[in-house]
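As structure tokens, the structure follows; a few thoughts come after it.
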Amino acid sequence: EKDNEVLKELLFTYQLSYRNYIENLEKEYPEYYKLKYDSKIASIPELQAQISDNTAILSYFLGDEETFLFSITQDKVLVSRRPSSGKLERLLKGFSNAIRFKMETALTSTSADLRDLLIPSLPSKINQLVIIPDGPLGKLPFEALISKKENRFLLQNYRVSYDYSATLLLNRKKEDETESPQILLMAPVEFDNQDVNLGSLPGTREEIEEIALLFRGNNHKAALKIGPAASESNLKNIPPEPYQFLHLATHGVVNEFSPALSRIFLTGGEDEDGSLYTGEIYNLKIDADLVTLSACETGLGKESKGEGIVGLSRALQYAGANNIIVSLWQVGDQSTSDLMIEFYKYYLHNTHHGYNTALRQAKLSLLNSQSYQSPYYWAPFILVGR
């Protein structure tokens with residue numbers, strides 16, 4: 001009985017500490033609190049009311065023995081079971097190895113099997129998919145899945161975007177329709193971090209200079225920060241006027257065991273070491289409609305039950321980024337540059353089409369090129385948002 005009293009007292013103490021912690025979050029970090037604790041859970045009717053008649057939401061839940069797929073369209077909700085998670089894990093590992101080592105035959109086989117497993121039969125009018133993955137599915141670029149019957153990538157039939165949950169999807173703002181969008185572009189190009197050996201990225205200079213020309217050619221403002229100007233302190237002190245776009249062309253490193261140690265590399269200085277850690281990003285105020293991390297593996301992170309992939313992209317969202325483009329594996333300097341230039345080129349001439357359409361067109365341009373047809377080059381970059 002005495003032990004029970006002690007346990008009750010401990011429970012009360014912990015509950016009080018937790019309430020105080022939440023109250024402090026609400027006071028000190030209101031944006032984080034709003035996103036994590038003050039969100040109304042989305043209902044299916046609310047989701048159906050928001051999406052267009054050509055859109056399907058595909059939400060996944062990975063159980064210990066089965067995978068559950070929820071397919072939501074404007075007028076229908078279907079729930080289906082898929083085979084054991086063991087089979088899915090084997091296919092995902094095979095897909096990852098095939099991408100990494102550029103084994104085209106194995107890639108075709110595993111991606112086709114994954115498509116059969118993960119993509120349901122959809123009405124012919126559906127041409128846009130919103131993927132809400134679970135667990136390791138957060139590291140899968142669904143656009144690279146192949147149809148055995150048509151021998152076509154999902155990319156060739158659908159616009160694809162991703163989100164972390166139905167609630168975040170429902171609460172996500174619609175694209176900013178600013179008449180004169182501004183962009184801030186940053187590229188360190190050379191790196192001098194003492195604790196890690198990073199190669200230079202000469203293609204990033206060309207990338208952001210070309211993107212700046214595209215904006216200025218369309219009478220939009222573009223701010224360039226190259227080399228020493230692409231510093232951690234400059235990013236942390238973005239002027240108060242909002243940029244619709246923030247584009248970081250640099251290296252990124254993800255720590256899947258300790259997400260707070262994932263980082264983006266910028267130029268250091270007297271007060272900063274040039275490593276912008278996830279933990280620091282949570283404290284930034286980024287008022288951008290789209291943040292693009294033109295870097296390696298920036299979409300990865302730790303798989304956390306109930307949270308999905310926790311890493312750089314999640315931190316940027318908490319910091320205020322409305323939409324994010326990140327990568328799922330190490331990417332080539334030149335192919336990335338080509339993809340990003342095509343993305344902005346299409347978007348600036350077709351702003352009413354949205355980011356998902358622009359990213360799809362950019363990927364198709366690489367798919368149809370001679371040098372970058374393989375999904376290894378065009379599939380890693382995904383849009384988290386609209």
Side-chain angles (χ1 to χ4, degrees), residues 56 58-71 78 80-122 124 126-162 254 256 296-297 299-300 303 308-309 326-332 335-336 339 359-360 362-383:
L58 302 182
S59 181
Y60 300 84
F61 174 75
L62 273 58
D64 293 334
E65 297 182 357
E66 292 180 300
T67 297
F68 294 87
L69 166 59
F70 301 83
S71 175
L78 296 175
S80 56
R81 295 181 176 184
R82 295 297 192 260
S84 70
S85 56
K87 178 181 180 180
L88 178 60
E89 288 174 5
R90 289 192 297 273
L91 287 173
L92 289 173
K93 186 175 182 179
F95 178 90
S96 176
N97 288 334
I99 281 282
R100 180 181 178 185
F101 298 108
K102 298 180 184 178
M103 300 182 294
E104 296 299 326
T105 302
L107 180 61
T108 299
S109 174
T110 54
S111 64
D113 288 341
L114 282 168
R115 178 160 176 165
D116 287 345
L117 189 65
L118 297 173
I119 305 300
S121 178
L122 296 166
S124 58
I126 300 297
N127 59 23
Q128 178 170 303
L129 302 178
V130 179
I131 307 294
I132 303 176
D134 184 31
L137 291 180
K139 302 177 183 179
L140 175 69
F142 281 66
E143 297 98 312
L145 302 184
I146 293 175
S147 167
K148 292 178 181 177
K149 185 177 180 180
E150 300 175 330
N151 194 30
R152 288 169 64 86
F153 292 104
L154 201 73
L155 172 74
Q156 294 171 287
N157 293 335
Y158 301 98
R159 289 171 287 162
V160 182
S161 61
Y162 300 78
V254 167
E256 296 191 8
C296 296
E297 300 181 342
L300 300 182
E303 295 172 26
I309 301 295
V326 290
S327 64
L328 298 176
W329 59 77
Q330 293 187 3
V331 287
S335 60
T336 298
L339 179 77
L359 186 57
R360 175 175 180 263
K363 290 180 177 182
L364 287 172
S365 71
L366 264 64
L367 174 61
N368 295 325
S369 70
Q370 290 187 344
S371 302
Y372 304 123
Q373 295 178 354
S374 170
Y376 171 82
Y377 298 105
W378 54 260
F381 286 99
I382 63 170
L383 171 68

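Counting begins at 1 with the first residue of the sequence.
- Counting only distance, with no hydrogens or angles, the side chain of Arg115 and the backbone of Thr110 share no donor-acceptor pair below 3.5 Å.
- Residue Ser371 holds its OG atom at 9.0 Å from CG of Leu366, rounded to the nearest 0.5 Å.
- Qualifying salt bridge (charged side-chain N to carboxylate O under 4.0 Å, His left out) partners for Lys102, counting only residues two or more places apart in sequence or in other chains: none.
- For the atom pair CG of Leu114 and CG of Leu91, the computed distance is 4.5 Å after rounding to the nearest 0.5 Å.
- Minimum interatomic distance between Gln373 and Gln370 (heavy atoms only, all atoms of both residues): NE2-CA, 4.1 Å.
- The minimum heavy-atom distance linking Leu155 with Lys363 is given by the pair CD2-CB, 3.7 Å.
- Not one N or O on the side chain of Ser96 forms a donor-acceptor pair closer than 3.5 Å with the backbone of Leu92.
- Going from atom OG1 of Thr67 over to atom OH of Tyr60 covers 10.0 Å, rounded to the nearest 0.5 Å.
- Here the CG-OG1 distance, from Leu145 to Thr108, works out to 11.5 Å after rounding to the nearest 0.5 Å.
- Counted within 6.0 Å of CG on Asn368, heavy atoms from surrounding residues, nucleotides or ligands total more than 12; the atom is thus considered enclosed.
- Within the 3.5 Å criterion, the main-chain N or O of Ala379 finds no donor-acceptor partner in the side chain of Trp329.
- Here the options are Asn97, Ile146, Ile99, the test is side-chain contact (heavy atoms from CB on, under 4.5 Å), and the partner is Leu107; only Ile99 passes.
- Summarising the geometry of Leu328 relative to Gly138, their closest heavy-atom pair is CD2-O, 3.9 Å, with the distance given to 0.1 Å.
- Residue Ala362 comes nearest to Ser365 through the heavy atom pair O-OG, 2.5 Å, listed as atom of the first residue, atom of the second, then distance.
- Around NZ of Lys93, the count of heavy atoms belonging to other residues, nucleotides or ligands within 6.0 Å does not exceed 12.
- You'll find the side chain of Ile131 stays beyond 4.5 Å of the side chain of Leu140, heavy atoms only.
- Nearest heavy-atom pair across Leu69 and Arg82 is CD2-NH2, 3.4 Å.
- Separation of atoms OG1 (Thr336) and OH (Tyr372) is listed at 9.0 Å; rounding is to 0.5 Å.
- Distance check, rounded to the nearest 0.5 Å: CG of Leu367 to OG of Ser374 gives 9.5 Å.
- Phe153 is linked by a ring-ring contact (aromatic ring centres under 6.0 Å, His included) to Trp378, counting only residues two or more places apart in sequence or in another chain.
- Counting heavy atoms from C-beta outward, Leu62 and Pro136 have side chains that approach closer than 4.5 Å.
- Listed for the Ser109 side chain is no donor-acceptor partner under 3.5 Å among the backbone atoms of Ala106.
- Scanning both residues, Leu154 and Phe142, for their nearest heavy atoms gives CD2-O, 3.2 Å.
- Remark: Arg152 CZ is packed, more than 12 non-hydrogen atoms of other residues, nucleotides or ligands lying under 6.0 Å away.
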